[in-house]
Each structure stands twice: as structure tokens, then as C-alpha cells.
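Please read the structure below before turning to the comments.
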Amino acid sequence: MHKPKMQLVASFDIARLQYLDARGQATQPLPGFATPDTLQALYRQMALARLVDDRAVKLQRTGQLGTYPSTLGQEAIGVGVGGALRTEDVYCPYYRETGALLERGVEIEEILAIWGGDERGQGFRHAPRDLPLCVPIATQLLHAAGIAFALKYRHQRLDEPARVAVSCAGEGATSKGDFYEALNLLGVWQLPAVFVINNNQWAISVPRHRQTATPTIAQKAVAAGVSALQVDGNDVIAVRSAVADAVARARGGEGPTLIEATSYRLCDHTTADDARRYRPEQELHEAEQSEPLVRLGTYLRGTGDWSDELEGELQRELAEVCERALRNYAERPRESATAMFDHLYAELPEALIEQYEELRNEEVAP
Amino acid sequence: MHKPKMQLVASFDIARLQYLDARGQATQPLPGFATPDTLQALYRQMALARLVDDRAVKLQRTGQLGTYPSTLGQEAIGVGVGGALRTEDVYCPYYRETGALLERGVEIEEILAIWGGDERGQGFRHAPRDLPLCVPIATQLLHAAGIAFALKYRHQRLDEPARVAVSCAGEGATSKGDFYEALNLLGVWQLPAVFVINNNQWAISVPRHRQTATPTIAQKAVAAGVSALQVDGNDVIAVRSAVADAVARARGGEGPTLIEATSYRLCDHTTADDARRYRPEQELHEAEQSEPLVRLGTYLRGTGDWSDELEGELQRELAEVCERALRNYAERPRESATAMFDHLYAELPEALIEQYEELRNEEVAP
Amino acid sequence: MTAITLVEGVTQALAHELRRDPRVVVFGQDVGANGGVFRATEGLQKTFGEERVRDTPLAETMIAGIAVGMAVQGLRPVAEFQFMGFIYPGLDHILSHATRLRNRTRGRLSCPVVYRAPYGGGIHAPEHHSESTEAIFAHVPGLRVVVPSSPARAYGLLLASIRDPDPVLFLEPKRIYRAARQEVPDSGEPLPLDRAFVLREGSDITLIAWGAALRETLEVAEELAGEGVKAEVIDPATLKPLDIHTIIDSLEKTGRCVVVHEAARFGGLGAEIAAQIGEYAFDLLKAPVQRVTGYDTVMPYYQLENQYLPDQSRILRGVRAALEYPR
Amino acid sequence: MTAITLVEGVTQALAHELRRDPRVVVFGQDVGANGGVFRATEGLQKTFGEERVRDTPLAETMIAGIAVGMAVQGLRPVAEFQFMGFIYPGLDHILSHATRLRNRTRGRLSCPVVYRAPYGGGIHAPEHHSESTEAIFAHVPGLRVVVPSSPARAYGLLLASIRDPDPVLFLEPKRIYRAARQEVPDSGEPLPLDRAFVLREGSDITLIAWGAALRETLEVAEELAGEGVKAEVIDPATLKPLDIHTIIDSLEKTGRCVVVHEAARFGGLGAEIAAQIGEYAFDLLKAPVQRVTGYDTVMPYYQLENQYLPDQSRILRGVRAALEYPR
Ligand SMILES: Cc1ncc(C[n+]2csc(CCOP(=O)(O)OP(=O)(O)O)c2C)c(N)n1
Ligand SMILES: Cc1ncc(C[n+]2csc(CCOP(=O)(O)OP(=O)(O)O)c2C)c(N)n1
Ligand SMILES: [Mg+2]
Ligand SMILES: [Mg+2]
């Protein structure tokens, strides 16, 4: 085949950020925020997320909770993202989000209620503006784009402070049109939004290499003219730093960012899944070597900022936090069946009153 | 903001192909196929497409045709693409396709019938395997992906010859999830398909720069791990050569290609549109300077392979061809109303017989 | 004050709300400089600027999805689908999110969005440009489905839809976009979203139709009047939630009913209306409810579209069947 | 031969067709090594290879769209949507293309595709995992909508669906995927797609239900038998095209009818069935057709799902209303 002469019209690079390697060694000077206090706080939140997930899985196993998606091994992403936002920013979660939700102030019992089949869990008492957990894959990214437009609009036209919309999704979600349509809009409308992809290598049983042919997820931003980078998603410092920078740029009107955080799903997809059916043992064992919690712990012990004693105290404290939450979850009052009508519309339309009555009568006298 | 050290993980380039510049001068040695005969044939087909579009628009203006989308100024894309396929390949058109359809053997009266509100036009007597014209934007790209899988499957498992699925869409279509989902699948399943984007700079009234932030459309393939290039879409030699190479690679099992062909819509979006409402006059005039037909004509005259005399002959011949087609279109028998049921299912279900009878009785005695 | 068309009623309502409420934003394909392919947003971008009247990229899932995000964050988005035939990629966000966010969060969040789309056939358009699949959306809990049939109702119902705190699908019968003119003062007065409109009073038979089909239905009522048959014509206008009471009240007088719609019959809204009449007016019914509808086949290309759409003669046949029952 | 469950009936039918016809390909999310989240494709990839039993990327529009392309080019695609709650992005390709290609090309091309999806509630699943929106699809001309309610019908109807020359939506009632076992020989014998099944004969009242709701419906019929009330139970199974004749024949005997479905009432298929009964059996009806259905609200999270779903007591109340009419 003849090789014609061609003219170069565009070039793109994808870069990767890491501060702590898998062995907990710093690979470069840490960012300014990484004081011992902050790092200990990040460690605590990751440990809490892990404990909450562990308790939730046990609740499911004992029939006290429905299907539950653990974040085991991916705690650095949720905690790194959640911690990088301001309270007034708007977070648009997917469903595998323990760390980020805790950072946003969502209560453990709210998280449990959601997976316990109770909409009231989505009430997010302390994160009233954030979107609820979202199950249909990638749809939250379009909501985040719309929210980013609203925030920009309200900042520019209604003199409100500059705020940012941040959303997370899995790497599988990046195969869905919603992801691309949202990203393309962020680019062309230059919206104040940051998308973080939790690339945990699996979409239930579908491995990353069967999801897409691209060597990175970050490069998908090239299709939308959006800046992007890849971070070591098991390095909470890298995640926190990359998200904080991206959020600052978005807030400053410098446009959106796509961040790929590479990690690994050390757990089953959900409690309804059995990963042994499809996941190579060997791959799992290797992945366990670079998990985020041990990594940060090793680093902190190296700098003398962590110890068995502190670890013991922490675990005792977190255990109490969880017990309290589990009690609240167990003891919450049952919701009346008519609640399924109470929030369907702002006001119950006349056409539905008959059905509402029927349901209420059922409940009082089944 | 501190600038951390980052590691480069991926790089991508987008290149552009051109053989004839806007003034009809060769910018590099022409590819092997570009003999005077072939170039004259390409010139003829572009001239025919232009004449068909012209006649169709006149038919619409005189109430003899419905809404019609002309390809004025974009003839090199359709003709360049259509001519690069083998008969047994499968073409998946969108709706702005005069040149490609003619190349595929679709009859002028079939094209007219479609826009004349008659499904029989989609019968494609001489292109029985190709998909019909497709109106919902970008959907045909997913059909092409499915067809490419079928062709690969039938080649590998049913010992059929290696065939390729080729599809076209506008640059506006690249904003739709279907485009991205299809492209991603081509990449990860390595399907024998070629997507060609007619970047005519406008999606009805929406200019390219409001459609996406990317400097090129070709780079969108980076999101799918698919190879891509940009071609001068007003240079029929470049289009034909790029598509032929991509089709050959696909046929040889070397995977899919995305080709962006840059052009300009010198006409209204359709006969239902009035581009003066939104399109800058100046931009139109500039674009007219680089249209494909004059460009190739100038080149051929330069090499002594074209002349006023040949042009006169050609126009006379093409006029006749069109008149014949218009006559056939005008004289085609009316279709019976019950046709709307005849091809709904392979066999009319019992449940529909009553409605079928009702319709038939209506028709005989309205 | 000059008389305006239905599509101008839409424009007038959009302009009124854009002026009244800074949270209102209008967006879709070609709604800006082009004023929409049917000119429903004519001049709005010039008056209210590109931030508030915006062209979007070509992606219906996106249009449906970002509207949810905008609404949740305190805007009043009015999203246009260029034709109903292209709304389907947006269904997921309408059905899974717009209509569920309030319920999902037990009232913490809400989604006051209006999705507009021209719908219906009869304008000799290309394929997919003549859809009327309102029944698909009317089945979705939490949604309101509104169809105006006059300039005044287009204006008043769109005002109400934009101000409504919940998601509304607003379907505009494009065949009658310019069919009639009417004086519609820009009063800012909304029309109720929970009341059917009795367009003509009568005691012999009840004719129910919405959108463009009302044209032929009213003509048939007029023709019947000539024969001394008094037909009552009802426009539900808000197809969901449906005001069945007005319909039942009419059946009390007439005992006979014909429902007319362009959409395919099977699973169309004529079925729901007939079913509710059977439930609430069983003893009043003197004849089966007649459904005069599009056939259960694909909307044909335009050469055959008039054979597909219910016309006066088919409506009249339905009326006769209802009047002459039992034979 | 051992007795199998409904989901195993699905697997057996898929395996049979994969073996019989080299053009058959099965694909969807997690259908390969994982055998589907409900194990409907268990073991198929091992037996038939990755080309024929394929995991797809996570994109439902793509799944719906490529199936069209495969079918047009002579394959027999069987596409799985993991849950009906995630099918909506695929609606456009089902409604605009799969069901229209044959008609659009006047018979030149056809689209023999089967879209499978587990549907219905009652398994304590997360949000969007309990949808039953069959009415949306049953309104689409050119589609077949099939719902099995036993292992044998799952097997026979799926065989027929795969061999059918036109697009079929095959909805699998996941609540009863493993509820009962039945001996189902792998005979390759399909069941008809145009006939309703009379599951129980009776002369006092006609109960119509499909999918999982048949369980409670049959229990109610049994309970009624104890009271000396003979209920006839009909499973339409093929919801579109609907075999109304079998239903009317039953009404000839009973004159009373209750339709049961999980889906929301408004615009649900109960309405279409009630409307057709009104049209074809007006004089036979001794009481209004009773619709016992899900409420017109969003399917709740699982704590309240059993209050949402029609249960024996609600079905029984419908039966009493039909039997005791007029009071
Ligand atoms: C639209 C849609 N399709 C299918 C599903 C079922 N499903 C739930 S999670 C999942 C895999 C998601 O993988 P990924 O995006 O990588 O996120 P992860 O679970 O790995 O964090 C699938 C297919 C869904 N929830 N939504
Ligand atoms: C899904 C969908 N949305 C909207 C339309 C209406 N429409 C027809 S053509 C068009 C613009 C397409 O622009 P582009 O993709 O650039 O192709 P071009 O017409 O410029 O060749 C639009 C919005 C459609 N046909 N399909
Ligand atoms: Mg994943
Ligand atoms: Mg274009």
C-alpha cells in the first residue's frame, strides 16, 4: 500500500500522577496539603469506609440488608475525591461510594437504609444538595453536567459563589453514551465539572480490556476536548491532589477535567456476586499488594506519624461509630406504605386519591 | 498551584491527507488508482450527484417531492466513499448521501421515491444488502457495527469472503452516544468497519464549534482506541484513497478506521431550511472557493484530460439520465394503502386482520 | 392585540416565563439563531441571550439528562426535542430520574422540568417526523403529559407546565401549529393541568380527542349537529393525570362515547379511557366505547399517511357504531 | 430427565438453538464466564465459545442497535438486557429500527432478533431492578412481546421467539425464575406465539394474568374453588399480538373478568384488555372488568415493594367486586 505524505494536525498526551508507590514510598515531594494531620485524617476516613463496608456485607449475609456494593480496595478514590470538595459544591455519586459519601457528611445509617430498601436513606440530612446514589450506569454524569451548567449560570447571573459539580463512575460506565455525551458537553460549554472514573478493572465480570480498546480511560477525554489525567487511585494523596487541582481550575472558570483513578476491586461486585466465577486468583493476589490503606499506613509509620497504638485507638473508635450507626439503622421506624405516593408529585393529583385510599386501607386492615 | 512531576503514559497524533488543493493543484504524487479514466469517472459521478440534487430540489419547490437534503459541495465524500467499496461490502448510509447511493447502484428514482414519501424507494434493487437511508441521527453507526460483527462472524465461521461494513454520518452525529458506543465496540471487538464523517461544518443551524470542543472530529477515535485520520473532503482523490486503504485494512483483519472528511454544506440543511437565518454570507462565499467539482475539473484540464467540449457532452448525457429518472418517478404506480400492513411482520398476525380489512374497505369505497 | 397561532402561543408563553423568572432556560437543537425548526423559539435568543436560550449538541439523551441536573439545582429548564420521533433516547432520564428524584429522595430534591416536542403526523414530513407515542409516556408514574389544541390552551397550559413543580411532557400538535388564529392576551394566566376542556356541549354522544385530531372531531360534531345529533366534544388536554370526572359527567348525559387519537390503537390512551369508562360508568354505557385511531402499524411515509390517520369518515363511522348500537 | 426451573428452561432453549442453528449468537453484559447475573446463560460460553456467547461493553443502546445490524446480515441475535430497568436506552433502536426495517424496505430486509430481559419485582433488589413496563413495548407496532410463566413455556416460547422472523421482546419473570420445577424435555418443540394459554378452566369468572403474577392468581383461583367458585385462568403469554379470542371465548362462559398485572395501572395492558373486552363482549359483560395492578406510582425500594405488588388479598377483592356486581 502506498504511503502518502500526511500533515500533522493535532497531538495529545496523557500523563499519570503518583506520590506514594505501592510500597508506601514517596516518589516525589508531597503536595502542600499533605501534613501529618491531613494524612492521618485521610487514613482514618479510609479505615472507616473499609469498616462500614465490612459491617454492611455482614448485615447482608445475615439477612438484615439487601444487595450491597463494597468499595474494598478503592477507599482512596472516594476519600480522596470527597475530601477535595467544598460543602457547597455538588457531588453526584454512582453507587460504589462509601468513602465519598462519608466525606460529604452522609450518615452511615443513611447508606445502610438505601441498601436496606428504604428511600429515606437518600435524604442526606447533611448533604442536602448532593444527588442521591444512582444505579443506572453513567446517567449521573449527565445530571452532573446539567448541575454544572446551573451552578455556572447561578454564579454568573444570580451572583452566587462559584461552585463545582463533581461526579464519579466506574470504568465500565465509560462505554455508555451518557458518559461521552456528558463529557462532550462539558467541553463545548466549558462547564465547572470534574468527572472521576474509578477504574477498578472490572464491570461485574467484564474485565477492562473487554470494555474498551484504549490503554487508558483518561484518553477518552480527547474525544471531547477536555483535559484529563490518570492518577494512581490507590494513592489517596495523588487522588486528593489531582481532584483538588481540577476542582480549583473548574471553580476558577478554567473548564472541566476527566480524572482516571486506577485501582482494583478487591471484593465481589456486590454481595449478590461471586467473583470467583470469573476473576483469576493470581490477579487478585497481586492487586492486594498495592491496596491504599496499608500503603498510606506504611508511609505514615515511616515518618513516625502512625503506630500500632494509634491504630488500636482508631479501630476502637471506628468500631463504636459503626455500632452506633447499626443500632440507629436497626431501630429506625418503619415507613408507612402510603409514602410511595407522598412524594410522587408535589401534591397528590386528584386522579390518584382513590389509589392512595386503597393503599391506606390495605395498610390499616390488611 | 504546585506542579507535580508526572509520567507520560500515552500519546496520540492526528494526521490529514490531501492530494489536490483548493486551486486544483496536486500537493503530492497521486495514488495509483488516479488514472485519467478513473478521475474522469469520479468527476462524472460528482457531476451527476450535483445534477440529481438540483433536480430534486426543483421537484420539491414545485410540490412534486417532500423535504430533500442536498449534498451540494459534499459530492466528493459520497462519490469517494461509494467508489471505494466492493459490491459485496455493506453500506450503511445516513440521509445526505446522493453520491454514495449512486455509486452503490441505487437508482435515482429510488432516491426520489424515498423523499417523495414512498417506502418502495428503500427497495434498492441493485444494492440489496445495503441498509436503507437512516433518519435518526447516528443510529446507523450501531447497525454498521452489528453488521461488521456479522460479516466477520460469517467470514470466520461460515467461510464467506471477507467483507466490510462502511457507514457515513455528519459531524453533528458525532455528539450522539450511538456514535461513541459504536466506535468503542469497533475498537474492542476489532470489527471490519469504516466510519466516515461528513464534516460539513453545520448541523442544521448549529456550527461545528458549538457541537464539540475538539479541533478535529478524527481525534474522537482516540476515545475508542480506533485508528483515525482527517482527509480533505473536497478532494475526491484523498477521500477515495483514504477510504480504500481503510477498507483494505478492515478486510485484511487489521481493524476499523474513523475518517473525518472536512467539507462544507453549500446548500440549506434541507429544502425545509433557510440557512440565511443563521449562516454568515462571508463564510459561504469562502467555502465555495474550495468546492470539489471545480477543483477536480481544474486539475483534469491542467493535465489535458478535460475540456469544454467534454463538459458539454457530459452535461447533455447527465441531463438525459435525470430526465429518464424523473419520468420513471412521476409515472410510478401508486402503492396500495394496505402495503402499510403487508410488511409489518413476515405474516400478518390474526390480531391485525380486522384492521387490515377495515383499511382495505376504506380504500375501495372511501 | 393580534390573533396568534398555536406555535405563536408557545412562543408567547416561553417569552413570558423567560421574562418573569430568571431561572427559566430554554434549550435544544436549533432553538437559538434558527428559532427552532418550527419557529417556536423565534426571536427568544435575541431577546434573552445565549445563556438562556441555547443550542445544544446533537444528543437527545444529553438533552433529557442535563434538564434533570438543571432542575435539581434550582433552574426551570424547558428542553425541546426537535420531533417526538427523536425523544426515545431521552426516555431513560425522563422515566428513571426526572419522574423519580422527588420520590427517591423523599422530597429532598425535585425536578421541575418541561420537555417539549412537536408531535403527530399529517405534514408530509420524512420518516420519524410524525410520531404520536404519548401513551408510552402516559404510562410513566410521576410524569404529566400535556397536549394543547388551540393557541390559548398552548399558551395557558405551557405557562402552567413551566410553573409546575414536577416534570411535564408538553406535546405540540404540529399539524395545527398554524391551522387557526386566536386572540391570546399575554396575561400570564395559566390554565389548570388537572381539568379536561369541554369544547362543545351535547347530550347524544361524547367525543374525546386531543391535539390535531380535535380538528376532524369538531368537524364531525358540526356535521352531526346538522343531522340533529348533539355531540359533546371533550379535550382532556392533560392526558396524565387524566381528568376522568369530566368524561364520566358527560357519559351521564350521553351513554355513548368515541375516543379518537392518531396513535396506534393497541395500548394507546383510548384503551385507558375506555377502561376507566367501563369502571366508572358501566351502567351508563349504552354502547361499547368506540376507538377511532391510527392503525397498529408503523406510521407510513407521507404518501399513505392520510390513510393511516383517522379522518372524518372514520370518526363518523365510529359515531354511527356507537349511536346505532345495538343494531 | 430431571425437572428444571424457569430460568433453566431459558438456558435449555438457548443451548438448543445455539446447537441447532450456527447463525444464533447470544450476547449482553456478563452473559459469558459469569453465565448472566441470573445464570440464564450458565455454561453456554464454555460450550459454544466466545464468538457465539459474548460479553458486551456496558452500553444498552449499543446492545439494542448492534442486534439490528446482526439480524439484518443473516444472524439470529439473542440480546440480553441485564434488567428491564436498563432497557430504556435501547428503546429507540427497538422502536425506530428493529420493528421497522422490514416495513421500511418493503420486505427487502428483516430483523429476526430476540431481546431478553428479566422483569418484575419481588426479589428485594435495588432500585430499577424490579420494573415491569411491558405496556410501553406492547404499544410498538411490529414488535412481539412474550412473557413465559412456567419452565415449559419459557422453553417453548423462547424457541419460537428465536425462530420467529421478526423482533421479539422476551420478558422473563425473575421472581419465579426458580419458584417451581417441571420436567421439560429438550424436544426442540416451540410453542405458538399467537395463542393464549388456559391454565385453569372455569365458568364463573375469568382471571387474566401473566408472568409472576400468575402465581398469586392461580392461588386465588384455588381458594375460590374451595368456595365453589370456578375461575378460569388465562395466561396470554404473548402480550402482543394479543390472542383476544381465547379471552372472549372465556367471557362467553363467565361474563366477569379480572386482569392482574404488576405494572402501574394507568396505560397498562389491563386497559387494552379491558377495552377489547368492552368492544368484543359488551353484551356478555355482567360486571366491569376489574384491574388489579401495581399502583400508579414509582416501584418502591424493597421495604415497600410487597405493598406495591398485587397480592392474593387484592386479587380476591377484585374478584369479589366482579362477582358481587351489581351490589
Ligand atoms: C444502564 C445499566 N446497565 C446495567 C446495569 C447493571 N450493572 C450494575 S453495576 C454494573 C457494572 C458497572 O461496572 P463499572 O462501571 O466498572 O463500575 P463498578 O461497579 O466496577 O464500580 C452493571 C452492568 C446498570 N446498573 N445500569
Ligand atoms: C436523533 C435525531 N435528532 C434530531 C434529528 C433532526 N435532525 C435531522 S438532521 C440534523 C442535523 C444533523 O447534522 P449532521 O450530523 O452534521 O449532518 P448533516 O445534516 O450536516 O449532514 C438534525 C438535528 C434527527 N434526525 N435525529
Ligand atoms: Mg469497574
Ligand atoms: Mg453537518
Q) Does a donor on one side chain sit under 3.5 Å from an acceptor on the other, for Lys176(A) and Tyr180(B)? A)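 No.
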
Part of [X] within contact of chain A (heavy atom distance under 4.5 Å):
| X | answer |
| --- | --- |
| Thr212(B) | both |
| Gln190(B) | neither |
| Leu183(B) | neither |

**Q.** Heavy-atom contact with chain B under 4.5 Å, split by part of Leu186(A)
**A.** neither

Q: Tell me, for Ala10(A) versus chain B, whether the close heavy atoms (under 4.5 Å) come from the side chain, the backbone, both or neither.
A: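 Backbone plus side chain of Ala10(A), per the 4.5 Å heavy-atom cut-off to chain B.
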
(Q) If I compare all heavy atoms of Lys5(B) with all of Leu17(A), which pair ends up nearest, and what's the gap? (A)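 So the minimum-distance heavy-atom pair works out to O-CD1, 3.9 Å.
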
Q. Closest approach of Ala223(B) and Thr214(A), non-hydrogen atoms and distance?
A. O-CG2, 3.2 Å

(Q) Please check this pair: side chain of Glu181(A) against backbone of Gly177(B), looking for a donor-acceptor N/O pair closer than 3.5 Å. (A)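 Present.
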
Q: Drop me the distance from Met6(A)'s CE to Arg16(B)'s CZ, to the nearest 0.5 angstrom.
A: 9.5 Å

**Q.** Between CG on residue Leu229(A) and CD on residue Gln7(B), distance to nearest 0.5 Å
**A.** 12.0 Å

Q) Side chains of Ile14(B) and Phe12(A): does their closest heavy-atom pair fall under 4.5 Å? A)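 They are in side-chain contact.
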
Q. Which one, Gly187(B), Ala213(B), Ala242(B), leads in non-hydrogen pairs under 4.5 Å with chain A?
A. Ala213(B)

Q: Identify the residue among Val188(B), Leu185(B), Asn184(B) that makes a side chain to side chain contact (heavy atoms under 4.5 Å, CB included) with Ser175(A).
A: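 By the side chain to side chain contact (heavy atoms under 4.5 Å, CB included) criterion, Ser175(A) pairs with just one of Val188(B), Leu185(B), Asn184(B): Asn184(B).
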
Q | Greatest number of heavy atom pairs closer than 4.5 Å to chain B - which of Arg210(A), His209(A), Gln18(A) | A | Arg210(A)

